[in-house]
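Take a look at the structure below.
Lettering of chains follows the sequences in order, A, B, ..., and the numbering in each one begins at 1. Just so you know, these numbers come straight off a predicted model, no measurement behind them. Keep in mind that the numbers below use all heavy atoms, side chains included, and drop hydrogens, waters and symmetry copies.
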Amino acid sequence: MENPENPYRLLVLSISSELERVLKGLGFDASVEEVSRSISPSKIGGDLSSSISFRLASASGDSKPDEIAKRISSLVRPVGFVNRIEAEKGFVNFYLDRKGFSAAVLLDALQDNRAHATGSAAAKKVIIEYPSVNPNKPWHIGHLRNALLGNAIANVFSYLGYSVLREDYIDDLGIQVMESLWGYINLGNNPDKKFDHWLGEQYVEVNKRIEEAGVAGEIKTLAQAAEKPGTKESLMLLELAKKCVEAQYETAFSYGIYHDIMVWESDIVANGLLGKAMELLEEKGVVETSSSGKYAGCKIINFEKLGELPKSLQSLKENAKVLVRSDGTATYVAKDIAFHMWKLGLLDDTFKYAEFMPQPNGVALYSTSRSKEAEAFSARKFNGADLAINVIDVRQSYPQAVLRLAFEALGRKELSERIFHLAYGEVELQSGVLSGRKGTWIGYSADDLLQEAKKKASSLITERFGLTGSEKDAVANSVARAAIIFEFLKVSPEKKVIFSWDRALNFEGNSGPYVQYMHARASRLLEDAGPEALASAEARLYDGSLDYQFNNEKEFSLIKQISIFEDIVEKARNELRPNILVEHAGSLALLFSAFYEALPVLKAEKEDEKAARLLVTRAARLRIGKVLGLLGIDAVEKM
RNA sequence: GGGCUCGUAGCUCAGCUUGGAUAGAGCAACAGCCUUCUAAAAACCAAGAAGAGAGCUGAAGGUCGUGGGUUCAAAUCCCACCGAGCCCGCCA
């Protein structure tokens with residue numbers, strides 16, 4: 001609990017301990033935790049309700065829940081903001097002092113500058129990896145889902161006070177780039193469009209050649225040359241991959257996605273990290289060289305030696321995983337194990353770093369590098385995190401499980417428990433999967449999507465504010481992004497998504513632009529109220545002279561929603577699920593809309609009524625802005 | 001063969017980890033509806049604009065895949081089954 005001081009949590013805590021006190025007096029045995037777990041928001045009676053009597057009744061056997069509830073409610077004192085306690089159908093229902101609770105919630109929400117780096121989150125470092133796209137094609141909508149998930153999760157950790165490193169893994173030694181390199185050499189290198197798009201389209205052509213002209217052997221020879229540092233081919237490969245990543249990052253920036261550090265697979269090999277990792281694994285007997293059979297000449301992890309495997313790994317056909325092939329090259333899993341030893345600080349940071357390219361948000365983007373200039377940065381360390389979160393497609397669950405197993409086999413179970421796989425479902429088209437090789441992504445790139453959304457957003461921007469061309473463009477961009485981000489993050493990560501233009505460009509109902517619209521409405525409302533009215537409202541809240549009961553259901557529902565913000569953010573952190581935030585943003589917007597439609601703010605009859613509603617509007621606007629920010633959506637003032 | 005994920009309103013999805021009272025949103029479909037202005041003797045009709053700014057309200061819509069179990073209580077936990085998808089490589 002990073003912020004036990006927030007009013008909602010304090011309320012639950014004080015009710016729990018009061019209940020526990022009463023239960024003890026009655027001779028029941030129940031812990032505060034148990035009591036606290038029995039408390040939930042009530043839909044029927046009161047604002048909060050406890051179901052503890054049911055548990056006690058079945059435990060003791062001789063009383064009915066309703067009787068116990070009655071006994072409890074007669075003894076419970078009104079603590080916190082509780083002003084009435086009723087036993088109803090076995091539940092103990094707590095009715096709040098709405099005025100007191102509302103004032104506390106508003107006060108809490110308006111104190112926008114709270115420090116979060118307290119408690120367990122303080123100084124904890126987390127490395128979040130996303131989206132790690134092969135550097136030979138543009139981001140398509142599947143990669144976008146990855147990047148948006150990673151960005152939102154990074155924002156959440158950052159908000160909660162963690163030190164967050166946003167990391168991107170560039171696989172510049174894989175087959176895909178090698179194939180692209182062959183195309184670059186043999187099919188020409190005169191890009192006539194954005195480099196990643198051009199390269200991605202050429203890659204489709206390369207794959208045709210592989211199937212039809214049998215150039216696979218040629219590519220293998222090329223790959224062997226390109227994998228050796230310093231060769232002409234390796235330099236060409238680096239140039240190709242670098243240009244592609246730069247183009248991909250333009251896309252990232254257009255979506256407001258940034259990184260701190262970029263790690264190239266070739267550096268993991270060249271820097272010796274892989275070698276050290278293998279040494280360590282061999283030394284501890286985790287890895288052995290197979291002398292016969294299927295894996296003769298390979299270095300493997302032999303699962304048979306590890307005893308009981310986790311269920312997810314019992315599906316194996318073979319009881320081993322190859323880390324180094326018989327030709328001496330390492331598999332992806334081997335490099336990933338080495339990299340995670342780096343991430344968790346089991347191996348030193350011996351990388352050299354250079355700045356890769358400027359980012360529009362002003363944050364320096366570092367990259368592992370073998371260049372001379374990188375020497376200057378060699379003192380810089382990025383490794384050694386408490387948590388490593390990998391945003392990777394669910395289809396890679398198996399290698400991710402092997403990765404964790406390697407740490408367990410090393411006798412470092414505690415390290416394996418610090419690695420989290422945020423496994424998300426694939427994005428598919430109605431017509432089937434998105435394939436880089438087949439080119440089915442063409443027309444479904446992240447760039448295409450943003451362009452379409454922007455077209456739609458531009459056509460909807462109101463003329464009333466007389467925005468200039470560039471202002472309008474900025475708003476259109478924000479609204480377009482909002483539609484896409486909200487729609488992509490709305491769905492639970494584990495679910496597969498069939499892409500649809502209609503849904504991705506949704507501007508109505510429960511959508512990003514709708515939430516932005518509510519933020520803008522609130523902003524305008526506050527502006528129209530004028531600074532004096534706001535200042536005096538706030539002053540009255542602070543000195544406690546605000547005379548308003550907050551009795552309206554719509555108003556109080558909004559306040560309750562505002563009050564649970566911290567819990568929502570922590571839940572999103574605990575479960576690595578940004579969709580919880582999306583849900584919350586949608587509810588806030590909906591409740592705010594219901595609030596201001598039903599209750600006049602500026603035209604409120606009494607001064608205190610107007611002041612209170614202005615404060616509610618302000619708190620709602622702040623919280624909507626915050627949750628949008630966590631999702632990576634701009635909270636616009638006008639649209 | 002083994003493992004994982006998903007199945008909730010016509011559609012898209014929350015809720016399930018931590019069981020709690022009447023299972024929630026959005027879209028679609030359905031039924032209604034306010035004020036001001038363009039506006040002119042008045043009323044009515046049509047169109048458009050504005051409303052604190054992309055109008056608002058209501059009702060309807062459900063075997064929570066199926067069956068069993070645990071429990072005072074199951075969408076939620078357990079088991080089995082059905083359906084959809086994915087993974088199990090010296091690819092990444």
Practice prompt. Provide the distance between the two P atoms, one in B:A59 and one in B:G26, to the nearest whole Å.
Written response: 13 Å

Practice prompt. Could you work out the separation of B:G58 and B:A25 based on their P atoms and round it to a whole Å?
Written response: 11 Å

Worksheet item: Base, sugar-phosphate, or nothing for A:Gln400, non-hydrogen atoms under 4.0 angstrom?
Response: nothing

Worksheet item: With sugar-phosphate meaning primed atoms plus P, OP1 and OP2, does A:Val394 contact a base, only sugar-phosphate, or nothing at under 4.0 Å between heavy atoms?
Response: nothing

Worksheet item: With sugar-phosphate meaning primed atoms plus P, OP1 and OP2, does A:Ser326 contact a base, only sugar-phosphate, or nothing at under 4.0 Å between heavy atoms?
Response: base

Item to complete: Identify whether any heavy atom of A:Leu599 sits under 4.0 Å from a base atom; if not, whether one sits that close to sugar-phosphate; answer base, sugar-phosphate or nothing.
Response: base

Worksheet entry | Span that lies between the C1' atom of B:U63 and that of B:C30, in whole angstrom | 25 Å

Worksheet item: Expressed as a whole number of Å, how far does the C1' atom of B:C33 sit from that of B:C82?
Response: 48 Å

Return the polar atom pairs (N/O with N/O) between nucleotides 18-22 of chain B and the protein under 3.5 Å, or none.
residue, atom, partner, partner atom, Å
B:G20, N7, A:Ser51, OG, 2.9
B:A21, N6, A:Ser42, OG, 3.4
B:A21, N6, A:Ser49, OG, 2.8
B:A21, N6, A:Asn93, OD1, 2.6
B:A21, N1, A:Asn93, ND2, 3.2

Worksheet item: Base, sugar-phosphate alone, or nothing: which one does A:Arg524 contact when heavy atoms must sit under 4.0 Å apart?
Response: base

Discussion item. Heavy atoms only, 4.0 Å cut-off, all strands: where does A:Val333 land among base, sugar-phosphate and nothing?
Written reply: nothing

Worksheet item: Any side-chain donor-acceptor pair under 3.5 Å between A:Asp327 and A:Thr329?
Response: yes

Discussion item. Here's a test of your reading of the structure: between A:Pro399 and A:Lys496, which maps to the more 5' nucleotide of RNA chain B?
Written reply: A:Lys496

Worksheet entry | Over 12 non-hydrogen atoms of neighbours within 6.0 angstrom of NZ in A:Lys70 | no

Worksheet entry | Same-atom distance (C1') from B:C45 to B:G51, integer angstrom | 23 Å

Fill in: B:C64 and B:A31, which share atom name P, separated by this distance in whole Å
30 Å

Below 3.5 Å between N/O atoms, which protein atoms pair up with nucleotides 26-37 of chain B? Just atom names and distances, please.
residue, atom, partner, partner atom, Å
B:G26, O2', A:Asn510, N, 3.3

Worksheet item: Hey, are the side chains of A:Lys321 and A:Tyr398 touching, using non-hydrogen atoms and a 4.5 Å cut-off?
Response: yes

Worksheet item: When you check the phosphate oxygens OP1 and OP2 of B:C91, does a side-chain N or O of A:Arg437 lie under 4.0 Å from one of them?
Response: no

Worksheet entry | Pairwise C1' distance, B:U36 and B:A28 [rounded to whole Å] | 32 Å

Worksheet item: Looking for any heavy atom pair under 4.0 Å, which part of the strands does A:Tyr514 touch: base, sugar-phosphate only, or nothing?
Response: nothing

Fill in: Salt bridge flag under 4.0 Å for residues A:Glu179 and A:Arg437
yes

Item to complete: Using a 4.0 Å heavy-atom cut-off across all strands, classify A:Arg577 as base, sugar-phosphate, or nothing.
Response: sugar-phosphate

Practice prompt. Could you go through the side chain to side chain donor-acceptor pair (under 3.5 Å) check for A:Tyr596 and A:Arg521 one step at a time?
Written response: CA-CA 10 Å; A:Tyr596 85 74; A:Arg521 286 293 297 270; 2.8 Å; yes

Worksheet entry | Residues in salt bridge (Lys or Arg N to Asp or Glu O under 4.0 Å) contact with A:Arg395, at least two apart in sequence or another chain | A:Asp393

Fill in: Nearest listed nucleotide, side chain of A:Arg325, among B:C91, B:A14, B:U12
B:C91

Item to complete: Name the nucleic acid region contacted by A:Ala296, choosing base, sugar-phosphate or nothing; use a 4.0 angstrom heavy-atom cut-off, strictly under.
Response: base

Item to complete: Would you classify A:Ala520 as touching base, sugar-phosphate or nothing, given that sugar-phosphate means primed atoms plus P, OP1 and OP2, and contacts are heavy atoms under 4.0 Å?
Response: base

Worksheet item: Mind checking the C1' distance from B:U57 to B:G19? Whole angstroms is fine.
Response: 36 Å

